[in-house]
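Hydrogens, waters and symmetry mates are skipped; everything else that's a heavy atom, side chains included, is used. Note on naming: letters A, B, ... go to the chains in the order of the sequence lines (proteins, then strands), and numbering restarts at 1 for each one. Note that the structure is a prediction, hence the values are computed from the model and not measured.
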There are 2 protein chains.
Amino acid sequence: MTSKQEFIEKLRNSSLRPTKQRINICEVLFNRDKTFHFTINDLFNLIKDKTGENVSLATVYNTVHAFLKKGYLKEIPINSNQTYFDTNVTDHHHFFDVKEEKLIDIKNEDVGPIEIQKSIPGKKIKSVEVLVKLED
Amino acid sequence: MTSKQEFIEKLRNSSLRPTKQRINICEVLFNRDKTFHFTINDLFNLIKDKTGENVSLATVYNTVHAFLKKGYLKEIPINSNQTYFDTNVTDHHHFFDVKEEKLIDIKNEDVGPIEIQKSIPGKKIKSVEVLVKLED
DNA sequence: CTTTAATATTATAATTATTCTAATCTCTTT
DNA sequence: AAAGAGATTAGAATAATTATAATATTAAAG
Ligand SMILES: [Mn+2]
Ligand SMILES: [Mn+2]
Ligand SMILES: [Zn+2]
Ligand SMILES: [Zn+2]
């Protein structure tokens, strides 16, 4: 359980102004035990439900993108028409349950080292992510 | 170089009606030597450019999804606000050049076998795809 | 070889997703 | 405490995707 005051400090330390909207978003996102995989819309609805306050959808987009840039969230590529985000910012991989449309974490050590035997001149590897699709 | 007549046959054999629109789309998509990675919008613009004819954007969506279902195209998950598609339907992986916003194929053998040491009860693996992001 | 009817397809219109920007708020400097 | 600079919010605009009414294709009947 992180307090409102702690979120304010964390935001300030990241040179993000601690607005009412951002504090609400922090409480929904980061007051959790487990990894949280969500779409912008999931988050938007949870904010209304959990805090009772209204944050505009555009602000949810803005804030999620700000948190992404600061490294507090990760964007997860899955082939859906919606982008997913992840509060687990460590290096890891995912199952995607196609039927349930749900992401499940896979720890790095459960996949083993991935050796890419090809390289592109002038470019270096930024990240390597595995997506395992599941069916029944 | 595949002829119009061949596309008509292929469509018929897939129980897809060989409409003027679909034949145009086939010519843009499949009259190529190399793998083609594209967004719906790329394809929409190329149809106008290459065939001179107008196919509505909705029809491009419809047709791409029809071809996907038939296995003539693959959907590629990258974290962008747009979905990419691929004429290379064999099992393979990708680099994504973040700056250029371009996909590059990686052959399966250039990645080696990927052993997933975790399983979800009642679910089986449908596909395993690696996405390697590149930066300068 | 028509005509007809069932079904598939197209493309406009509607909806949903995302971004832009003018008005507002926060914070630093005085 | 007041003002100015810059950051943030959220309504409006745009872009992406889907739903459905109109049209086209095909197979069957005459
Ligand atoms: Mn999208
Ligand atoms: Mn493109
Ligand atoms: Zn995760
Ligand atoms: Zn490819």
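Using a 4.0 Å heavy-atom distance criterion, B:Leu16 is classed as a sugar-phosphate-only contact. Among the heavy atoms of the strands lying under 4.0 Å from A:Asn41 are primed sugar atoms or P, OP1, OP2 only; no base atom is included.
Rounded to whole Å, the distance from CG on B:Leu11 to C1' on D:dA24 is 15 Å. Rounded to whole angstrom, the span from the CZ atom of B:Arg12 across to the C1' atom of C:dA8 amounts to 13 Å. Separating the NZ atom of B:Lys69 from the P atom of D:dT18 is a distance of 12 Å, rounded to the nearest angstrom. For B:Leu57 and C:dT9, the CG to C1' distance is 16 Å, given to the nearest whole Å. Rounded to whole Å, atom P of D:dA16 lies 15 Å from atom CD of B:Glu75.
Among C:dT18, C:dA11, D:dT9, the nucleotide with an atom closest to any side-chain atom of B:Ser56 is C:dA11. In the set C:dT19, D:dT17, D:dT9, C:dT19 carries the atom at the smallest distance from any side-chain atom of A:His65. When the nucleotides D:dA10, C:dA11, C:dT9 are ranked by their closest atom to the side chain of A:Val55, D:dA10 comes out on top. Closest to the side chain of A:Ala58, out of C:dA11, D:dA10, D:dT17, is D:dA10. Among the nucleotides C:dA11, D:dA16, C:dT9, the one closest to the side chain of B:Arg22 is C:dT9.
Remark: B:Thr19 is in phosphate contact with C:dT10, judged by side-chain N or O atoms under 4.0 Å from OP1 or OP2. Residue B:Thr59 places at least one side-chain N or O under 4.0 Å from the OP1 or OP2 atom of C:dA11. For the OP1/OP2 pair of C:dT10 and a distance below 4.0 Å, the side-chain nitrogens and oxygens of B:Arg17 include no atom meeting the criterion. Distances shorter than 4.0 Å separate none of the side-chain N or O atoms of A:Tyr61 from OP1 or OP2 on C:dT19. Contact check, B:Gln21 against C:dT9: no side-chain N or O comes under 4.0 Å of OP1 or OP2. Considering only side-chain N and O atoms, A:Ser15 lies nowhere under 4.0 angstrom from the phosphate OP1 or OP2 of D:dA7.
Nearest-nucleotide mapping onto DNA chain D: of B:Pro18 and B:Asn62, the residue sitting toward the 5' end is B:Asn62.
The aromatic rings of A:Phe85 and A:His65 sit perpendicular, their planes meeting at an angle over 60°, well past the 30° parallel limit. A perpendicular orientation is assigned to the rings of A:Phe96 and A:Tyr84, their planes being inclined by more than 60° (bins at 30° and 60°).
A 4.5 Å side-chain heavy-atom check between B:Asp105 and B:His94 finds at least one atom pair inside the cut-off. B:Leu29 is listed as a side-chain neighbour of B:Leu73, based on a closest heavy-atom distance under 4.5 Å.
With sequence neighbours left out, A:Phe36 forms a ring pair (Phe, Tyr, Trp, His ring centres under 6.0 Å) with A:Phe38.
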